[in-house]
Structure formats: structure tokens, C-alpha cells
Amino acid sequence: MRELLTETTARRSLDLSDLPPAEQAALIAARSQQLQPSADALAARIVSAAEKGRPFVAKFGIDPTGAEVHLGHSVPMQILSRFQRMGHDVVFIVGDMTAKIGDPSGRSDDRPALTDEDIEHNLATYREQVSPFFDFDRAHFRRNGDWLRKITLPEIIGITAQIPVSMSLQREDFRKRLDAGQGLSLAELMYSIVMALDSVEINCDLEVGGIDQFLNMQMCRKVMEISGQVPELVVATSLIEGTDGTGAKMSKSKGNYVPLTAAPGEIFGKIMSVPDRLVEPYFRALSEWLDAELAVAAERVAAGTLHPMDLKKVLAGEVTAAIHGVDAAMKARDEFAARFSRRTFAEVDDLPTVADLGVSVTEAVKALGFAASNGDVRRVAQQNGLRLVVEADGEQEQLSLTADDARAVLADLVKDRLDGKTGDYFLKVGRKLARIRAD
RNA sequence: GGCAGGUUGCCCGAGUGGCCAAAGGGAGCGGACUGUAAAUCCGUCGGCUUAGCCUACGAAGGUUCGAAUCCUUCACCUGCCA
């Protein structure tokens, strides 16, 4: 396991600059949901850039509004990382101007006015979180406000005159909103055009984005053409589904995401809670595993020689290792096993701890963040989810607490119920677990 | 500018004077079963000092014994017409 993780994690920094253009294109194609117009075109463009002695430029737009970054965001970053390692230029377009419109794909309602400091701060946070997946020191950053502010009305008219409204209205979400009478602002309709001006500005060779940006990126191609440039190629990455298995894409608003700032144990655990059917897509989007390796794994699972859960453990380890390193991943794996397989809580290191035994159980649970309100605690207790656990020599005993017990002072409860029993004490609230410091 | 319609709990959505802390669905949470998987079943799902009280149906006022429901004003959204 350790060897496997060490090997696959190392691939993240593998130099790909010797890869022939056709193989570069094939690798990118295998990891994107859409590659437009084709893998051959990508190879050709790489060749032609090299012949002209200029860098091949890959563009990626980032939103400077400071949304928390999660695993879903790392997917395009890994594609970009491959481009970078292939020896190409990666340019990040910081959308300080486009943020004022608000991406209609996301439909965020608040469009906060961002100060320069905000943007700097958000950018720094972003870089820090995503840095396991990408080497920012070797990338360029450009703010689109720098050129968009200078665009004149005649220029805009000149471009928009050549774009049929029907093109913008191809988007299903726009049509739906119009049909549903929800309205659509002209600014939103303009969003993709504004974004396209970025591509023109940097004379972009290829743009990377989520599949939700596909039509926006089509517009980039169109506008580049209007402007007399060769249209960029488009790589659309798949959107990974959230950990909840409802089929919705991973997003903060759904709460089904894995934050990149999460502790190793949390990342490992969240991946383990993902439905089995997502294991392969996750591998494809989040790891450097090769198609051939994935095929072997799939075969073995189908043949029954590899337990789906074991494969998922490898995935969880892979992702954890990418962010926190192999050692942390191995530790997370061991603790996961201790906690959920062997159920020996004492071996788990990174548990939250109840330090103050002088308060009621309810207060302690709230302080841990395991419940939002007293009613919450009461409910869990009534449903047999609130338990006091004592563990000694790998043996453990769980005592269910009633709603009345929850009102009692923790220290008294521990004394009354567990008196005479030695060992480690834990408090279990549903699936969540905390250590109780024994005095 | 004129006319019409809308704004309900995390989300969708019912509700046109008392039986409404508000139907139904989804998400969430807990339990059983498991592999913290899927599927299934059961329960729960505003807050509190919980047989009671408080806060809530865009905002503020008003009518009424009583308002999510009626009236007035305001805000926002939408449609049709100009």
C-alpha cells in the first residue's frame, strides 16, 4: 500500500516534457470529458507552437470571490499541472471584472464589490489550498480588469454585432430560465463574451474549464475568430459528483464536498463514505493512475478478487497522500481501520476531546460542534444515538444515554455509570466521536 | 409609463381568517442492516428552562377575539402592453 501510494503520488511531479505531442494529446484527451475540436488538433497545435518557437498557452479562469476550494476544483488543476509538466505555459485569468457580472452558470446572487486586498487575499488562499495539485510558481497570473476596463463601446458593438442572440440562447439553463419566466439579464448574456475577451487578450491556445463552462468556452472560440485569431482549443473536465451520492455535483452549497483544507483523517473518511459507483470516476479525475491500471482494478473487482472497499481505501489513500503526503495518508488509513473496522477508539489519534467535564452532556456536545441546538441533542438521545463508551484492552462497552441523562453534568454521569471501570472514555454522538479526558 | 402576477421553513412546493410550527417531496440528522458503500425499513427534521412558552410564511403598519391567509405602504422579482 505504502509503495503504491509513494509511486502514484510521485507521478504528480513527473516531468512530461519529453512526451511526443501525439501522446500528450492522448493523455489529455483521456482525462477530459470533452476535447475540442480533437486530440489531433491539439497535437498539431503543440507542434506548430514549437515550430514557431513560441510557448503553447493554456488558460484557466479563476474566481477571486474567495469561495472555499474543494476536491472538485482540483480536477482542472491536475490537467493544468500536466500541461505545465509537458513544458507549456499556464496562464491564470483572475476574473476581477467578470466577478462583477457573476457567472450565470453558478447563479450566485451576491456579487460583492471586491477590493484589491480582498482579491490578493483570496488569491493567496486559493493558491495555498490548491498547491498540492499545481506548481503556481511556474505559472502566470493576469487580471482581466486590466484590459476589460479599457474596452470601448465601439469595440464591444463590433464584436457583438457578429454574434447571434440565438447562440447565447443555446444554453439550456438560459432557455429554462426564460421559459420559467425567471428572467435573464443582458449582463449575464454578455458574460461569455466578456470572458472571451480574455482569450483574445492572451491569444490563447487552449482553455481548460469544467464541463459547465463548455458553452462559455465555445463563445471564446467564436470571439477569437471574429477578432482574427485562431480559435482556442477547449478542454472540458468532468464535474465530480458529491460525496452524498445523490448525483449532484460536488459543491459547497450542497455540503457534499471535501474541502482541501480538511485534516487527513477527514479527507480519508469522506472519500470512504462515497458510493462505490463513484470510485472509478474519482480515480480518473483525481489520481494519476493510468487507464490500464484502472482496467485491471475494475476486472478484479468484477471477478471478486478485490473487495470494492479495499479499492476505495486505495483511492482514499491516494487523495489524502496528494494533499498531506504519504505518511499522513497511511496514518489516516490505520486510524480509519481502528475506528470503523476494529472499533478500537483508543488507537485513534485525531479525535476531538472533551476537556471540561463540569458541564452538562448537552453543553459538551454543542461545544464539540456535534449538534447545533439542545433540541438536536435531545433528538439524537431519543433515537439512541447518544452513547457513553468505555474501552479497555480492546474491549468496549457502550451505554446509551437518554434525553434526561443529557441534561446531567458529564462528570457525574461518568462517575455514576462508569464508576469502577477503568480505561478510555469516549462520547459517541451519532457517527461522531470524541474522547473524554479522564481525570 | 400602464396593467397583471409573485415573494412560505436548508431547497422545491401546498396552503385564501381559527383544526398552521405550516401538507407533500428532496437534502440533512438518528436507528436497524452493512463495508461510515448501495438498496431497504423506521424515526426525526425552528428555538427554549419542552404537558408550556418564544420566534417565524419579503419589510413595516393596520383590520379582527384571532392573520401565512384581509387592507395600506415599501422593497425586490416576473409577465403582458407601450
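Chain identifiers are assigned alphabetically (A, B, ...) following the order of the sequence lines, protein sequences preceding nucleic acid strands; residue numbering begins at 1 within each chain.
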What integer number of Å spans the P atoms of rC70(B) and rC29(B)?
38 Å
Starting from the 5' end of RNA chain B, give me the residue, Lys366(A) or Ser273(A), whose nearest nucleotide shows up first.
Ser273(A)
Select base, sugar-phosphate, or nothing to describe what Arg407(A) touches, counting heavy atoms under 4.0 Å on all strands.
nothing
Partner lookup for rC80(B), please. Criteria are Watson-Crick or G-U wobble with both distances under 3.5 angstrom; report none if nothing qualifies.
rG2(B)
Take the angle between the ring planes of Phe336(A) and Phe268(A) and call it parallel below 30°, perpendicular above 60°, tilted in between.
tilted
Would you measure the distance from the P atom in rG9(B) across to the matching atom in rA22(B) and give it in whole Å?
15 Å
Rounded to whole angstroms, how far apart are CG on Asp376(A) and P on rG28(B)?
15 Å
When you check the phosphate oxygens OP1 and OP2 of rU36(B), does a side-chain N or O of Lys312(A) lie under 4.0 Å from one of them?
no
Interatomic distance at P, rA27(B) relative to rU40(B), whole Å
10 Å
Just wondering, more than 12 heavy atoms not from Arg11(A) lying within 6.0 Å of its CZ?
yes
Provide the Watson-Crick or G-U wobble partner of rC10(B), both distances under 3.5 Å; none if there is no partner.
rG26(B)
How do Val380(A) and Gly265(A) order along RNA chain B: which one's closest nucleotide is nearer the 5' end?
Val380(A)
With sugar-phosphate meaning primed atoms plus P, OP1 and OP2, does Lys428(A) contact a base, only sugar-phosphate, or nothing at under 4.0 Å between heavy atoms?
nothing
Pair Arg284(A) + Glu280(A): basic N to acidic O under 4.0 Å:
yes
Starting at atom NZ of Lys249(A), determine the distance to atom P of rA27(B), rounded to an integer number of angstrom.
19 Å
Quickly work out the Arg277(A) CZ to rA38(B) P distance and round it to whole Å.
9 Å
Using a 4.0 Å heavy-atom cut-off across all strands, classify Asp310(A) as base, sugar-phosphate, or nothing.
nothing
In whole Å, I'd like the distance from the CZ atom of Phe340(A) to the P atom of rA37(B).
10 Å
Does Arg343(A) place a side-chain N or O at less than 4.0 Å from the phosphate oxygens OP1/OP2 of rU36(B)?
yes
Answer for the Watson-Crick or wobble partner of rU55(B), both distances under 3.5 Å, is none
rC19(B) pairs with which nucleotide, Watson-Crick or G-U wobble, both distances below 3.5 Å?
none
Separation of rU49(B) atom P from Glu363(A) atom CD, nearest Å, is 8 Å
Touch check for Gly430(A), heavy atoms < 4.0 angstrom, all strands: base, sugar-phosphate only, or nothing?
sugar-phosphate
Over how many whole Å does the gap from Gln383(A) atom CD to rU44(B) atom C1' extend?
4 Å
Checking side-chain polar atoms at under 3.5 Å, does Glu232(A) have a donor or acceptor matched by the opposite partner on Ser199(A)?
yes
Residues Asp349(A), Lys331(A): salt bridge by 4.0 Å N-O rule
yes
Any idea how Phe283(A) and Trp289(A) line up, ring-wise: parallel (<30°), tilted (30 to 60°), or perpendicular (>60°)?
tilted
Which nucleotide in the list rC48(B), rA37(B), rG31(B) gets nearest to the side chain of Asn384(A)?
rG31(B)
Taking only the side-chain nitrogens and oxygens of Asn374(A), find out if one of them lies under 4.0 Å from OP1 or OP2 of rC48(B).
yes
Please determine if a side-chain N or O atom of Ser373(A) lies less than 4.0 Å away from the OP1 or OP2 oxygen of rC48(B).
yes
Determine the interatomic distance between C1' on rA4(B) and the same-named atom on rA59(B); round to the nearest Å.
22 Å
To the nearest Å, give me how far apart CZ (Arg333(A)) and C1' (rU36(B)) are.
17 Å
Under 3.5 Å on both distances, the Watson-Crick or G-U partner of rA32(B)
rU40(B)
Should the pair Glu293(A)-Arg300(A) be classified as a salt bridge under the 4.0 Å nitrogen-to-oxygen rule?
no
So what's rA68(B) paired with, Watson-Crick or G-U wobble, going by both distances under 3.5 Å?
none
Among rG35(B), rA38(B), rC48(B), which is the nearest nucleotide to the side chain of Pro275(A)?
rA38(B)
Give me the distance, rounded to whole Å, that separates rG46(B) from rG61(B) when you measure between the P atoms they each carry.
27 Å
Pairwise P distance for rU72(B) and rC80(B), with rounding to whole Å
26 Å
Starting at CZ of Arg339(A) and ending at P of rG35(B), how long is that distance when rounded to a whole Å?
18 Å
I want to verify a distance call: between rG30(B), rG35(B), rA37(B), whose nearest atom is closest to the Met309(A) side chain?
rG35(B)
Counting only side-chain N and O atoms of Arg379(A), is one of them less than 4.0 Å from OP1 or OP2 of rG47(B)?
yes
Ignoring hydrogens and angles, answer whether the base of rG35(B) and the side-chain atoms of Asp276(A) contain a donor-acceptor pair closer than 3.5 Å.
yes
Say we look at rU78(B) and rC71(B): how far apart would their C1' atoms be, to the nearest angstrom?
24 Å
Do the two ring centres, one from Phe340(A) and one from Phe345(A), sit under 6.0 Å apart?
no
Within the 4.0 Å heavy-atom criterion, would you say Val279(A) contacts the bases, only the backbone, or no part of the nucleic acid?
nothing
Taking the same atom, P, in rU8(B) and in rG15(B), what whole-Å distance lies between them?
14 Å
Under 4.0 Å, heavy atoms only, any strand: does Pro308(A) hit a base, just the sugar-phosphate, or nothing?
base
